[in-house]
Asks: 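Let me begin by handing over the structure; questions about it come next.
In what follows, chains are A, B, ... by sequence order, proteins preceding strands, each numbered from 1.
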Amino acid sequence: MRVSNYFMPTRKEIPKEAEIPSHQMMLRAGLIRQHLAGVYSILPLGWRVLTNIMKIIREEMDRIGCHEFYLPVLSSADLWTKSGRWNTFGEDMFRLKDRKGREMCLAPTHEEVFAEIVSHDIRSYRDLPQMWYQIQTKFRDEVRPRSGLLRVRQFFMKDAYSFDTEKAGLDESYRLQREAYLRIFERTGLDVKVVKASSGAMGGRDCEEFMVLSDSGDDEIVNCPSCGYAANQEVAESNVMKVYGSKKDLKKVLTPDKRTIEDVSAFLEIEPSRLVKSLVYIREDDKKPVFILVRGDHQVDEGKLEAVLGECRPAEPEEVKKLTGADVGFVSPVGLNEVEVFADPILEGTTDLVAGANEDEYHVIGVDMQRDIEVKRFVQLRVVQATEPCSVCGTSLEVSRTIEVGHIFKLGTRYTEALGAEFLDENGVSHPIIMGSYGIGVERIMACAIEKNFDGSAMIWPREITPFLIEILPLNVTVGQVADLAEDLYADLSRNNVSVILDDRDDRAGVKFKDADLLGAPVLVVIGERNLKDGLVELRIKDKRISENVKIEDLKKKVYEALDN
RNA sequence: CGGGGUGUAGCGCAGCCCGGUUAGCGCGCAUGCUUCGGGAGCAUGAGGCCGUGAGUUCAAAUCUCACCACCCCGACCA
């Protein structure tokens with residue numbers, strides 16, 4: 001490729017809509033342009049990176065016997081109604097009607113469509129197991145698209161599905177996918193952490209997420225540097241020591257206008273950890289209120305909460321008032337036995353606590369969890385904070401922001417049962433097929449690779465996904481010898497199918513260097529008059545931090561060496 | 001959806017408070033001359049429904065209202 005006729009619209013200034021490094025880089029280097037919130041055009045340079053990533057994914061999927069499909073994006077409402085997701089996907093699904101008024105959607109994922117194919121064309125245990133995948137555009141009407149390509153409404157997903165006759169088979173399919181994922185992320189140059197996660201709307205049992213540590217991410221993981229325990233915050237646990245306290249009688253105290261933990265704690269001169277934080281949530285299925293209790297210095301994690309309660313929402317202040325007779329800030333389950341209570345385990349058996357009195361301007365002290373509150377279930381609902389002890393080995397935990405690049409699920413029979421995908425076993429007995437689901441966000445891989453390899457002005461791409469492996473930079477193409485040498489090297493590399501780009505523009509050196517920095521080829525050959533006088537050419541192996549002047553006669557040999565390692 | 005912010009030339013911004021000539025600056029773009037190993041210098045030039053609509057006014061980029069778009073922070077996901 002020649003820069004002179006390539007479309008690579010670089011930008012000197014950072015577009016103001018971009019805050020995170022990958023977004024800035026992609027706009028400045030001319031990889032993408034925004035079309036709508038969360039919808040981007042991918043320009044030639046960006047497309048080269050994405051196709052490289054897809055190529056790696058295809059190779060690794062093929063390697064484990066997973067076969068590529070191409071499924072429709074347009075999908076009928078019927079199918080989604082059968083699986084129950086026409087409703088549960090809610091607003092996140094793009095919906096439309098055809099000219100006859102038939103309801104359809106733009107598929108946000110493809111469990112249903114694959115399961116439908118299985119249900120039609122797989123009959124026997126002899127046909128199983130199968131692993132299928134596709135790399136396809138997905139549409140999700142995200143509540144808030146953001147962070148460049150990290151959270152968008154139209155994106156490429158590699159989604160794979162496994163179909164097995166028994167649980168052990170699913171375990172094996174899952175293992176194969178998991179290992180393929182690790183290879184994919186290694187080849188794309190990402191350092192991933194595999195964490196336990198919540199399966200959320202997908203349903204199913206076990207699942208793990210592949211996370212790249214980055215401050216630009218919008219996920220939080222907890223991990224133990226010692227034993228390797230790692231989990232998404234939404235399922236993470238820790239082992240905080242209980243503080244028991246002494247037995248005291250319950251006593252009502254005046255706490256005028258002290259509504260927050262900080263206020264009450266300061267006013268009564270009692271540590272926040274001695275307070276009980278009582279929150280009221282309304283469960284969506286039966287519309288009943290529930291009390292959620294955590295220690296005063298802790299936060300409730302709504303992800304964990306939903307895992308226990310199902311869908312729920314914080315109660316409105318009026319609802320709290322009606323339930324307890326007091327304003328938010330003065331409430332607790334003390335004396336309200338008819339309301340269900342879920343409490344964090346570190347409160348279990350503790351005493352001498354402070355809680356709301358269910359009367360405005362009053363709290364109660366001397367609360368005894370056992371004596372004064374009837375807890376339905378003790379379960380970890382709190383946000384795990386950094387430095388809390390690991391529940392496995394006791395080491396101080398780390399909490400990090402991450403970007404989710406992959407997610408694998410052991411789905412089980414949720415979709416196959418709903419869609420009637422069954423097989424006959426050796427005895428002619430019918431069983432639902434056991435399914436697994438495995439996703440990768442293709443653009444997110446690109447964004448993550450940038451987050452790790454862009455320093456604000458220059459990019460160095462990982463070799464397997466770089467748009468070009470090597471760039472040739474003749475500094476002054478009007479000088480015959482410079483141009484000739486560049487053209488000669490370019491012709492040679494092209495002949496050998498090396499991914500090469502030649503900046504043959506008659507432009508100033510500074511401009512060409514800056515564009516080369518944004519282009520990010522790991523190998524750069526700088527051909528300038530100054531060095532040429534001494535018979536030298538500059539070879540930069542940027543991903544190895546090497547820069548050397550090599551003799552013209554050694555150039556090709558050195559270049560191929562640089563490309564090889 | 002709740003909270004915060006921004007819409008003026010392709011990009012980055014000033015002007016708006018306190019209405020009043022042909023709406024400005026930098027970058028980029030075009031042409032010419034000079035320059036030529038890290039986003040050059042000089043000169044000339046093209047490029048604007050001041051987000052949209054309604055209102056107030058003799059007069060609106062500027063004031064009022066509504067709407068729209070985009071960005072950021074929170075709840076969902078690859």
Asks: Which atoms form the tightest heavy-atom contact between A:Ala509 and A:Leu475, and what is the distance?
Replies: CB-CD2, 3.8 Å
Asks: Of the candidate nucleotides B:rC76, B:rA78, B:rC70, which contains the atom at the shortest distance from the side chain of A:Asp218?
Replies: B:rC76
Asks: Partner lookup for B:rC36, please. Criteria are Watson-Crick or G-U wobble with both distances under 3.5 angstrom; report none if nothing qualifies.
Replies: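 Its partner is none (no Watson-Crick or G-U wobble pair with both distances under 3.5 Å).
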Asks: Where the side chain of A:Phe155 is concerned, which of B:rG37, B:rA78, B:rC76 is the nearest nucleotide?
Replies: B:rA78
Asks: In this structure, how many angstroms lie between the C1' atom of B:rA75 and the CZ atom of A:Arg151, rounded?
Replies: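 About 11 Å, once rounded to whole Å.
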Asks: Between the base of B:rG37 and the side chain of A:Asn531, is there a donor-acceptor distance below 3.5 Å?
Replies: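 Check passes, donor-acceptor contact within cut-off.
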Asks: Give A:Val442 one of three labels, base, sugar-phosphate or nothing, depending on what nucleic acid heavy atoms sit under 4.0 Å from its own.
Replies: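 The residue A:Val442 makes no contact with any strand.
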Asks: What integer number of Å spans the P atoms of B:rG15 and B:rG24?
Replies: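 Between the two P atoms, the distance is 16 Å.
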Asks: Using the P atoms only, state how far B:rC1 lies from B:rG41, rounded to an integer number of Å.
Replies: 49 Å
Asks: Have a look at A:Leu473 and say if it touches a base, only the backbone sugar-phosphate, or nothing, with a 4.0 Å heavy-atom cut-off.
Replies: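 The residue A:Leu473 makes no contact with any strand.
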Asks: Would you classify A:Arg28 as touching base, sugar-phosphate or nothing, given that sugar-phosphate means primed atoms plus P, OP1 and OP2, and contacts are heavy atoms under 4.0 Å?
Replies: base
Asks: Inspect the surroundings of CD in A:Glu179 and state if more than 12 heavy atoms from other residues, nucleotides or ligands are less than 6.0 Å away.
Replies: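 Result for CD/A:Glu179: enclosed.
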Asks: Paired with B:rG55 by Watson-Crick or G-U wobble geometry, both distances under 3.5 Å: which nucleotide is it?
Replies: B:rC63
Asks: To the side chain of A:Arg508, which of B:rG74, B:rC36, B:rG37 is closest?
Replies: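 Closest nucleotide among those given: B:rC36.
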Asks: Once you apply a heavy-atom cut-off of 4.0 Å, does A:Val143 come out as touching a base, just sugar-phosphate, or nothing?
Replies: base
Asks: Determine whether A:Arg2 and A:Tyr490 satisfy the following criterion, side-chain hydrogen bond (donor to acceptor under 3.5 Å, both in side chains), listing intermediate values before the conclusion.
Replies: CA-CA 9 Å; A:Arg2 290 169 183 273; A:Tyr490 177 66; 4.6 Å; no
Asks: If I compare all heavy atoms of A:Pro15 with all of A:Arg28, which pair ends up nearest, and what's the gap?
Replies: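 That closest heavy-atom pairing would be CD-CG, 4.1 Å.
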Asks: By nearest atom, which of the nucleotides B:rC71, B:rC73, B:rA78 is closest to the A:Arg140 side chain?
Replies: B:rA78
Asks: For A:Glu142 and B:rA75, give me the distance from atom CD to atom P, rounded to whole Å.
Replies: 13 Å
Asks: Looking at the base of B:rC77, is there any donor atom on it, or on the side chain of A:Asp219, that sits under 3.5 Å from an acceptor on the other one?
Replies: yes
Asks: Measure from NZ or CZ of A:Arg48 to the centre of the six-membered ring of A:Phe468, then state whether that distance is under 6.0 Å and the direction lies within 45° of the axis.
Replies: yes
Asks: Do A:His110 and A:Gln134 pair up side chain to side chain, a donor and an acceptor below 3.5 Å, judged on atom types alone?
Replies: yes
Asks: Could you tell me whether A:Asp141 and A:Arg95 make a salt bridge, using a distance below 4.0 angstrom between a side-chain N and a carboxylate O?
Replies: no
Asks: Check nucleotides 9-11 of chain B for protein N or O atoms closer than 3.5 Å to its own N or O atoms and list the pairs.
Replies:
residue	atom	partner	partner atom	Å
B:rC11	O2	A:Glu13	OE1	3.4

Asks: Do A:Tyr438 and A:Tyr181 have ring centroids that are under 6.0 Å from one another?
Replies: no
Asks: To the nearest Å, how far apart are A:Met93 CE and B:rC77 P?
Replies: 14 Å
Asks: Salt bridge check: are A:Glu60 and A:Lys158 linked by an N-O gap of less than 4.0 Å?
Replies: no
Asks: Residues of residues 447-455 of chain A with any non-hydrogen atom less than 4.0 angstrom from an atom of RNA chain B: list those, numerically ordered, please.
Replies: none
Asks: In whole Å, measure the gap between the P atoms of B:rC16 and B:rA61 for me.
Replies: 14 Å
Asks: Please determine whether side chain to side chain contact (heavy atoms under 4.5 Å, CB included) holds for the pair A:Leu518 and A:Met459, giving the CA-CA distance in whole Å, both sets of side-chain angles, and the decisive distance to 0.1 Å.
Replies: CA-CA 6 Å; A:Leu518 288 171; A:Met459 176 71 201; over 6 Å; no
Asks: If B:rG26 has a Watson-Crick or G-U wobble mate with both distances under 3.5 Å, name it; if not, just say none.
Replies: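 Pair assignment: B:rG26 / B:rC11.
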Asks: Kindly point out which of B:rC70, B:rC72, B:rA78 is positioned nearest to the side chain of A:Gln34?
Replies: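 Selected nucleotide: B:rC70.
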Asks: Is there a donor-acceptor pair closer than 3.5 Å between any side-chain N or O of A:Arg187 and the backbone N or O of A:Ile465?
Replies: no
Asks: Between B:rC71, B:rG39, B:rG37, which nucleotide gets closest to the side-chain atoms of A:Arg530?
Replies: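 Of the options given, the side chain of A:Arg530 lies nearest B:rG37.
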Asks: Can a donor-acceptor pair under 3.5 Å be found between the side-chain atoms of A:Arg444 and the base atoms of B:rC77?
Replies: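 Per atom types, the contact qualifies.
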Asks: Specify the separation, in whole Å, of atom CG of A:Leu36 and atom C1' of B:rC71.
Replies: 15 Å
Asks: Quick one: label A:Arg505 by what it contacts on the DNA or RNA (base, sugar-phosphate, nothing), any heavy atom closer than 4.0 Å.
Replies: nothing
Asks: So A:Gly528, base contact, sugar-phosphate only, or nothing? Heavy-atom distance under 4.0 Å.
Replies: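 The residue A:Gly528 makes base contact.
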Asks: Looking only at side-chain atoms of A:Lys12, point me to the closest of B:rC27, B:rA75, B:rA78.
Replies: B:rC27
Asks: Distance check, P atoms only: B:rU56 and B:rC65, in whole angstrom units.
Replies: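 To the nearest whole Å, 15 Å.
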Asks: Mind calculating the distance between OH (A:Tyr181) and C1' (B:rA78) to the nearest angstrom?
Replies: 9 Å
Asks: Test for a donor-acceptor pair under 3.5 Å between the base of B:rG39 and the side chain of A:Asp515, counting only N and O atoms.
Replies: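 Answer is yes: a donor-acceptor pair is held.
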Asks: Mind checking the P distance from B:rG10 to B:rG47? Whole angstroms is fine.
Replies: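 My reading of the P atoms in B:rG10 and B:rG47 gives 12 Å.
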Asks: Touch check for A:Ser457, heavy atoms < 4.0 angstrom, all strands: base, sugar-phosphate only, or nothing?
Replies: nothing
Asks: For B:rC50, give its Watson-Crick or G-U wobble partner with both distances under 3.5 Å, or none.
Replies: none
Asks: From B:rC71, B:rG39, B:rA78, pick the nucleotide closest to the side chain of A:Leu518?
Replies: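 Of all the options, the side chain of A:Leu518 is nearest to B:rG39.
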Asks: How far does the C1' atom of B:rG5 sit from the matching atom of B:rG51, given to the nearest Å?
Replies: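 One C1' to the other, the span is 16 Å.
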